[in-house]
Amino acid sequence: MKKKVLKRALKITGIVFLLLFVLFPLYWLLISSLKYSEDIYTMHPSLFPSRIRLSNYVDIWKTVPMAKYYKNSLIVSVSSMILATIVATFAGYALSKFKFPGRKTVGVTFLVTQMFPGILFLLPYYLIFIFIKNTLGIPLIGTYPGLIITYTAFVGPFAIWVMRGYFDTVPSELREAALIDGCGNFRAFTKIILPAAKPGIATVAILSFMKSWNEVLFATVLTNNDTRTLPLGLYEFQQEFMTSWNLVMAAGVVISIPVLIFFIFLQRYFVSGFTSGAVKG
């Protein structure tokens, strides 16, 4: 009996410690966004600020063009999310339900690409975009399409692998029954398989959006002043001799809101979709 009580106490302690470890940075982000600049730079910062400065959330829009960066990030992130989700859904379904030469090789290739850091692809993308502009006259650097294509290609292999794993959990008998009833392959996919794959699609959508929303490396090279995204906009709060950390924290809270809202609406699908897609395949 004592062992059970001790084991339960250890579990609760571990859970509490983990929650504190995860939530404390978020709490520090929030309270720092409400502090005065001089209160942040003090030698002994307080966990509970004695005074609050709500105008930080107004100043961030005046100090840097946050509205433009917000628009750029929304356009790029939503577009790449939609494109990556569509590609991953069709490709994952094909790899899961159809047998063709090289199917396993293609699936493994998608997974292998995730072994390499993104910085290895930065220069090739840049050179490819320069080549396209010089030969076809289509500018991609400093444009929305260039960043959307890059993000879609970067998150696509993992998204396809997740969707393939999820489609593996959908019984093939459903598709076969639909074909026997007279449905074509496409109709069987849209009417029978696709509704059953909502958790996997929601998972891929969340991961694609978050990846595009938070990405910094490619955006640093492939954007200009007109297409700069929110993560790069945070650098503009840094001045020559100091950084306005209270404004940076306020901007961080504002940047987190779309991801939070998006996750809240789709979280009921996320766990089942991610675990099914990650385990299978």
Side-chain angles (χ1 to χ4, degrees), residues 1-35 39-50 52 56 77 81 88 92 110-119 154-155 157-170 197-217 230-231 234 243 245-246 248-281:
M1 187 66 179
K2 289 183 178 180
K3 288 184 178 181
K4 290 183 178 180
V5 173
L6 180 60
K7 185 179 292 187
R8 186 174 182 181
L10 289 174
K11 287 182 179 179
I12 294 174
T13 303
I15 292 173
V16 171
F17 176 78
L18 183 61
L19 285 174
L20 289 174
F21 185 77
V22 172
L23 296 178
F24 182 76
L26 299 178
Y27 171 75
W28 193 256
L29 173 72
L30 181 60
I31 64 167
S32 297
S33 70
L34 298 171
K35 288 183 177 182
D39 293 338
I40 291 181
Y41 284 101
T42 183
M43 291 294 294
H44 304 286
S46 174
L47 289 174
F48 307 99
S50 57
I52 292 177
N56 288 338
S77 299
M81 176 198 71
F110 284 141
L111 190 61
V112 168
T113 59
Q114 303 305 298
M115 297 171 57
F116 301 98
I119 195 171
F154 194 63
V155 76
F158 181 72
I160 291 172
W161 187 263
V162 171
M163 286 306 303
R164 177 197 176 182
Y166 193 84
F167 280 124
D168 284 344
T169 67
V170 178
K198 285 182 179 179
I201 295 173
T203 301
V204 168
I206 291 174
L207 294 176
S208 302
F209 183 84
M210 290 177 61
K211 177 63 179 177
S212 302
W213 188 260
N214 298 321
E215 206 281 326
V216 175
L217 179 64
L230 279 171
L234 292 179
T243 300
W245 288 112
N246 54 337
V248 172
M249 297 298 183
V253 173
V254 172
I255 290 174
S256 303
I257 291 175
V259 177
L260 181 62
I261 294 174
F262 195 45
F263 186 81
I264 288 174
F265 278 105
L266 297 180
Q267 59 87 23
R268 62 185 179 134
Y269 299 111
F270 184 75
V271 175
S272 61
F274 185 74
T275 52
S276 298
V279 174
K280 290 284 184 178

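Atoms considered below: every heavy atom in the structure, side chains included; atoms not considered: hydrogens, waters and symmetry mates.
Closest non-hydrogen pair, Ala251 versus Leu234, comes out as CB-CD2, 3.5 Å. Across every non-hydrogen atom of Val162 and Thr203, the tightest pair is CG1-CG2, 4.5 Å. Val259 approaches Phe209 most closely through the heavy-atom pair CG2-CE2, 3.9 Å. Scanning all heavy atoms of the two residues, the minimum distance from Asn246 to Asn56 falls at ND2-OD1, 3.2 Å. Listed here is the closest heavy atom pair of Met249 and Ser32: CG-CB, 3.5 Å. Trp213 and Leu230 get closest at one heavy-atom pair: CZ2-CD1, 3.5 Å.
Heavy-atom neighbours of Leu19 CG from other residues, nucleotides or ligands within 6.0 Å: above the threshold of 12.
At a threshold of 4.5 Å between non-hydrogen side-chain atoms, the residues Leu47 and Trp28 count as touching. Between Ile261 and Pro258, the closest side-chain pair of non-hydrogen atoms is not below 4.5 Å. Contact check for Leu23 versus Leu26: side-chain heavy atoms found under the 4.5 Å cut-off.
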Trace of the side-chain contact (heavy atoms from CB on, under 4.5 Å) decision for Phe167 with Arg164: CA-CA 5 Å; Phe167 280 124; Arg164 177 197 176 182; 5.9 Å; no
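Judged by distance alone, the side chain of Ser208 and the main-chain N or O of Ala205 form no donor-acceptor pair under 3.5 Å. Counting only distance, with no hydrogens or angles, the side chain of Asn214 and the backbone of Pro231 share no donor-acceptor pair below 3.5 Å.
Atom-to-atom distance recorded for Ile52:CD1 and Lys35:NZ is 11.0 Å, nearest 0.5 angstrom. Put simply, CD on Glu215 and CZ on Phe154 are 7.0 Å apart, with the number rounded to the nearest 0.5 Å. Summarising the geometry, atom CG belonging to Leu18 is positioned 12.5 Å from atom OG1 belonging to Thr13; distances are rounded to the nearest 0.5 Å.
Phe24 and Tyr27 have tilted rings, their planes meeting at an angle from 30° to 60° on a 0 to 90° scale.
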